S.K.: 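Can you read through this structure? Questions will come right after.
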Amino acid sequence: MTSDAELIQIVDAAAAEAARLAGDLLHCRKGCTHCCVGPFAVTVRDLERLRAGFECADEELRGRLAARSAEARQAMFAGFPGDWESGTVTGLAAADAFDSNHEWLPCPILDLETGVCTLHAWRPVACRLHGPALRMNGFDLRPCRLNYAGADPERYRVPFDTPDAGESPLTYIAWAIRP
Ligand code: SF4
């Protein structure tokens with residue numbers, strides 16, 4: 001199976017190529033939190049990476065992230081689209097509806113004052129793909145609506161594949177950091 005380092009290298013290379021092609025049409029930048037508010041499903045593999053980043057953080061940040069994650073899990077209790085205790089998602093359609101109902105909920109990893117991802121180097125694959133027009137394994141990912149203003153994103157879409165990445169159950173970022 002593709003190692004996590006190889007997977008991240010493939011994903012980051014595709015996103016960098018899409019950013020290069022789009023140039024000024026891409027408005028993704030540090031401090032923009034558009035894609036960090038509202039929950040979305042990530043993989044268990046993403047959670048393992050985030051936990052590795054959490055272990056590298058200083059004590060103050062670890063305490064803050066643990067508290068924010070606990071708050072986020074509580075906010076996601078009612079109507080959770082799967083097993084709330086483990087955080088495992090069991091229905092994608094139900095997860096989409098759940099996400100829409102919680103679009104106000106910020107990611108617990110996001111620094112609300114600076115708009116910075118506090119575990120940026122360890123962030124999930126989905127976070128790395130938000131923004132530009134990409135085609136992952138033949139599936140078109142929807143670019144952020146703040147990008148490509150007045151231009152057709154299809155002209156800039158970058159295809160890439162993650163062969164042999166393996167299947168990973170879906171869950172949520174708030175379950176990465178638990179007591
Ligand atoms: S992990 Fe980081 S990049 Fe991803 S949604 Fe949270 S704050 Fe944003």
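Numbering of ligands and ligand atoms starts at 1, following listing order. Just so it is clear, the model here is predicted, and its values are computed rather than measured.
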S.K.: Pull out every atom of ligand 1 sitting under 4.0 Å from any heavy atom of Pro124, numbered as shown with elements.
M.R.: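 That gives atoms 1 (S) of ligand 1.
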
S.K.: Applying a 4.0 Å heavy-atom criterion (strictly less than), which segment of Trp122 is in contact with ligand 1: side chain, backbone, both, or neither?
M.R.: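 No part of Trp122 is near ligand 1 at this cut-off.
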
S.K.: So how far is it from Lys30 NZ to Cys117 SG, rounded to the nearest 0.5 Å?
M.R.: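 So the NZ of Lys30 and the SG of Cys117 are separated by 10.5 Å.
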
S.K.: Tell me, which protein N/O/S atoms are under 2.8 Å away from atom 8 (Fe) of ligand 1?
M.R.: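 Checking every protein N, O and S atom gives Cys36 SG.
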
S.K.: With Thr114 as reference, evaluate Leu110, Leu112, Thr118, Val116 under the side chain to side chain contact (heavy atoms under 4.5 Å, CB included) test and give the passing residue.
M.R.: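 When side chain to side chain contact (heavy atoms under 4.5 Å, CB included) is applied between Thr114 and each of Leu110, Leu112, Thr118, Val116, only Val116 qualifies.
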
S.K.: If you group Ile, Leu, Val, Met, Phe, Trp and Tyr whenever their side-chain heavy atoms sit less than 4.5 Å apart, what else falls in with Met1?
M.R.: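 Cluster partners of Met1: none, it stands alone.
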
S.K.: Would you check if the side chain of Arg62 reaches a backbone N or O of Glu59 as a donor-acceptor pair within less than 3.5 Å?
M.R.: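 Side chain of Arg62 to backbone of Glu59, a donor-acceptor pair under 3.5 Å: no, none is there.
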
S.K.: Which other residues belong to the hydrophobic cluster containing Trp175, where Ile, Leu, Val, Met, Phe, Trp and Tyr are joined when side-chain heavy atoms lie under 4.5 Å apart, directly or via other members?
M.R.: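 Taking Ile, Leu, Val, Met, Phe, Trp and Tyr as members, Trp175 shares its hydrophobic cluster with Phe40, Val42, Leu47, Leu50, Phe54, Leu61, Leu65, Met76, Phe77, Phe80, Trp84, Val89, Leu92, Phe98, Trp104, Leu105, Ile109, Leu119, Trp122, Leu170, Tyr172, Ile173, Ile177.
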
S.K.: Check whether any side-chain heavy atom of Arg157 lies under 4.5 Å from a side-chain heavy atom of Pro143, and answer yes or no.
M.R.: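 They are in side-chain contact.
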
S.K.: Show the atom names and distances, to 0.1 Å, of all donor-acceptor pairs under 3.5 Å that link a side chain in residues 9-16 to residues at least two apart or in another chain.
M.R.:
from: Asp12; atom 1: OD1; to: Arg128; atom 2: NH1; distance (Å): 3.2
from: Asp12; atom 1: OD2; to: Arg128; atom 2: NH1; distance (Å): 2.9

